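Take a look at the structure below.
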Protein chains: 2
Amino acid sequence: MITERQQELLQFLESTQRRTGFMPSTREIQEHFGFASQTAAVSHLRALERKGLIRRAPGKARALVLETTPEREPLIDVPVYGHIPAGFGESVAPVTEGTLSVDARSLGVNPRAKLFGLKVRGESMIGAHILDGDHVILEIKEPRNRDIVAALIDGETTLKRFVLNRRQPFLKAENPRFPDLIPARELQVQGVLVGLIRGASSSAFA
Amino acid sequence: MITERQQELLQFLESTQRRTGFMPSTREIQEHFGFASQTAAVSHLRALERKGLIRRAPGKARALVLETTPEREPLIDVPVYGHIPAGFGESVAPVTEGTLSVDARSLGVNPRAKLFGLKVRGESMIGAHILDGDHVILEIKEPRNRDIVAALIDGETTLKRFVLNRRQPFLKAENPRFPDLIPARELQVQGVLVGLIRGASSSAFA
DNA sequence: GGCACCACCGGATATCTGTTCTGGTCTGTG
DNA sequence: CACAGACCAGAACAGATATCCGGTGGTGCC
């Protein structure tokens, strides 16, 4: 299915991307393999594209993308935010604290959904089995009744259950020790809970 | 430290890379922001480089690398088992139902640890905030007192808390409706809980 | 006011880079 | 044998791309 030379080329693409962060140009491929002509490099690239192993954007420089193995194809990278400022979703970009990677299938989310992550602080949602230190994954979309959402209250983001009571939304903690929150004016929902990841350091496991 | 415009640029770089697989050129940046001159895009890139947020290779096309979020490297693939047969760990290979990928850092586990996954059935561990349908990740190692473990009872694998009572181990459910299990002869612990992943389809979110 | 940034415009230039064309050798395969 | 396909040389072209130059206007600071 794939020839030895093409395998070498594919390996060179992969290692170059890992080393430098971007793809080699046709001339860099040519030089690496000692070709006297670019045609050799180009024809190999075309062969790889024809076999579906890479994708190319015509006319654009270094526009190669490896078609990774379909085994863990729908991998999603979720940015984890520390705080989410008020203007989120419009112009102000939040501060990224790290990234979290999961495959979309086992999480059961759409790979193209707009997602972000937060680290849970406090035990206000322990009734919904969400603990202090858990990572929650949220999708940016409109909340429905009884969804768990991240919302902005007094300049701080908190995780609560979104409840509609006679068309009036309020936020309900899943812990009797925490009070319900009725928004003073406007309720800013930043995301709807779609996933949860609990790590080894969680106190629940010890 | 970083201006609003530069943050926008950084976000555009990130989203473009995720969408297309490679970085935008200066002209594509220019077009996206509606600049009339490339200089605007270039000066922003230079500012981001000066602040250490991106790296550039001089003279090369699309040779941008984000210095932020470089780490997706320690990604681990965990096989998810349907049932675990008795001989597990010695010779018999269990039936794989799928694979689950997470980055090791956010899970807080050793990337080289021997891990496997199970899908939780039933609500016997609800007191430890583990729900029906959750995916749990287990490490193959010796259990310590009060670890949550996957153990073999009567030919079936169940998740329970491992408790030592006067050097005699037994299994405790975290749900008063389930009885404790005292092993008849030998207790076969197959793995120790180190992580948990809850997906969008979980009933806890709806 | 000077000074250092930031955010841009407008134009020019060199070079980087993909693409195309015309050849060639070798290895299979029907 | 003819034919297809992988693998390569050599050269030229056109578009894509980064870079450099000089300028404008604004903000904040000492």
Side-chain angles (χ1 to χ4, degrees), chain A residues 1-17 19-67 85 87 90-93 95, chain B residues 1-17 19-68:
Chain A
M1 185 59 186
I2 182 168
T3 68
E4 198 178 319
R5 204 60 160 153
Q6 287 166 12
Q7 181 70 39
E8 278 178 50
L9 211 86
L10 209 58
Q11 249 178 315
F12 175 63
L13 295 183
E14 201 173 336
S15 75
T16 300
Q17 183 162 52
R19 210 181 63 249
T20 67
F22 43 81
M23 282 296 187
S25 67
T26 55
R27 278 166 178 84
E28 285 168 355
I29 296 172
Q30 172 192 353
E31 197 174 340
H32 174 263
F33 286 97
F35 296 150
S37 158
Q38 302 168 56
T39 315
V42 172
S43 68
H44 280 135
L45 287 181
R46 258 200 273 266
L48 288 176
E49 188 182 20
R50 184 158 30 84
K51 293 178 180 179
L53 296 168
I54 62 173
R55 193 157 30 87
R56 305 206 301 153
K60 292 182 177 171
R62 299 174 192 272
L64 302 178
V65 188
L66 295 173
E67 294 285 357
E90 292 165 9
S91 62
V92 181
V95 183
Chain B
M1 184 60 183
I2 183 169
T3 66
E4 196 177 316
R5 202 62 162 155
Q6 288 165 11
Q7 181 69 256
E8 278 179 49
L9 211 85
L10 210 57
Q11 237 178 325
F12 176 62
L13 296 183
E14 199 175 336
S15 73
T16 300
Q17 183 162 52
R19 209 183 62 248
T20 67
F22 43 83
M23 281 296 187
S25 67
T26 55
R27 268 151 235 263
E28 286 168 356
I29 296 172
Q30 171 192 354
E31 198 174 339
H32 175 263
F33 286 97
F35 296 152
S37 161
Q38 302 170 55
T39 315
V42 171
S43 69
H44 280 136
L45 287 181
R46 259 200 272 267
L48 288 176
E49 188 181 22
R50 185 159 29 85
K51 293 178 180 178
L53 296 167
I54 62 173
R55 192 156 32 85
R56 304 206 303 152
K60 292 181 178 170
R62 300 174 192 271
L64 301 178
V65 188
L66 294 174
E67 289 289 0
T68 54

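Here is the naming used below: chain letters follow the sequence lines, and residue numbers restart at 1 for every chain. What you see is a predicted model, and the numbers here were worked out from it, not measured in a lab.
- Closest approach of B:Thr3 and B:Lys51 over heavy atoms only: N-NZ, 4.3 Å.
- Summarising the geometry, the separation between CZ on A:Phe22 and P on C:dC16 is reported as 13 Å, rounded to the nearest angstrom.
- Distances shorter than 4.0 Å separate none of the side-chain N or O atoms of A:His44 from OP1 or OP2 on D:dA6.
- By the 30° and 60° cut-offs, the orientation of the rings of B:His32 relative to B:Phe12 is parallel.
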Polar atom pairs between nucleotides 17-23 of chain C and protein, under 3.5 Å, N or O only, would you list them?
unit_1	atom_1	unit_2	atom_2	d
C:dT17	OP1	A:Arg62	NE	2.9
C:dT17	OP1	A:Arg62	NH2	2.4
C:dT17	OP1	B:Ala61	N	2.9
C:dT17	OP2	A:Arg62	NH2	3.3
C:dG18	OP1	A:Arg62	N	3.1
C:dG18	OP2	A:Thr26	N	2.7
C:dG18	OP2	A:Thr26	OG1	2.7
C:dG18	O3'	A:Gly59	N	3.4
C:dG18	N7	A:Arg27	NH1	3.0
C:dG18	O6	A:Arg27	NH2	2.8
C:dT19	OP1	A:Gly59	N	3.2
C:dT19	OP2	A:Arg56	NH1	3.3
C:dT19	OP2	A:Arg56	NH2	3.3
C:dT19	O4	A:Gln38	OE1	3.1

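- The closest side-chain heavy-atom distance from B:Leu53 to B:Glu67 is not below 4.5 Å.
- The side-chain heavy atoms of B:Gln30 and B:Arg27, taken from C-beta on, include a pair separated by under 4.5 Å.
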Considering only nitrogen or oxygen atoms on both sides, find all protein atoms under 3.5 Å from nucleotides 28-30 of chain C and state each distance.
none

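- When all heavy atoms of A:Val65 and B:Phe22 are compared, the pair lying nearest together is CG2-CD2, 3.8 Å.
- In terms of modelled atom types and a separation under 3.5 Å, the side chain of B:Thr20 and the main chain of B:Gln17 share no donor-acceptor contact.
- Here the side chains of A:Arg56 and A:Leu64 are in contact, with some heavy-atom distance below 4.5 Å.
- Considering only heavy atoms from C-beta on, A:Leu45 comes within 4.5 Å of A:Leu13 through its side chain.
- B:Arg5 and B:Glu8 are joined by a salt bridge, as a carboxylate oxygen and a charged side-chain nitrogen come within less than 4.0 angstrom of each other.
- Atom CD of B:Glu31 has 12 or fewer heavy atoms from other residues, nucleotides or ligands within 6.0 Å.
- Taking atom CD1 of B:Ile2 as the reference point, atom C1' of C:dA7 lies 14 Å away to the nearest angstrom.
- What you find for B:Gln38 and B:Thr26 is that their closest heavy atoms are OE1-OG1, 3.8 Å.
- End-to-end axis angle for the helix from C:dG1-D:dC30 to C:dG30-D:dC1, using five pairs per end and rounding to 10°, comes out at 30°.
- In this entry the distance linking CE of B:Met23 with C1' of D:dA16 reads 18 Å, nearest Å.
- Atom CZ in A:Arg50 sits roughly 8 Å away from atom P in D:dG5 (whole-Å rounding).
- At C:dC8, one or more side-chain N or O atoms of B:Arg5 fall inside 4.0 Å of OP1 or OP2 (strictly under the cut-off).
- Protein atom CD of B:Glu31 is 18 Å distant from nucleotide atom C1' of C:dC8, rounded to whole Å.
- Regarding A:Leu45, its CG atom lies at a distance of 14 Å from the C1' atom of D:dC7, rounded to whole Å.
- Going from atom CZ of B:Phe35 over to atom P of D:dT17 covers 17 Å, rounded to whole Å.
- The phosphate of C:dC8 (OP1 or OP2) has no side-chain N or O of B:Ser43 nearer than 4.0 angstrom.
- Spacing between atom CD of A:Gln7 and atom C1' of D:dC7 amounts to 17 Å, rounded to whole angstrom units.
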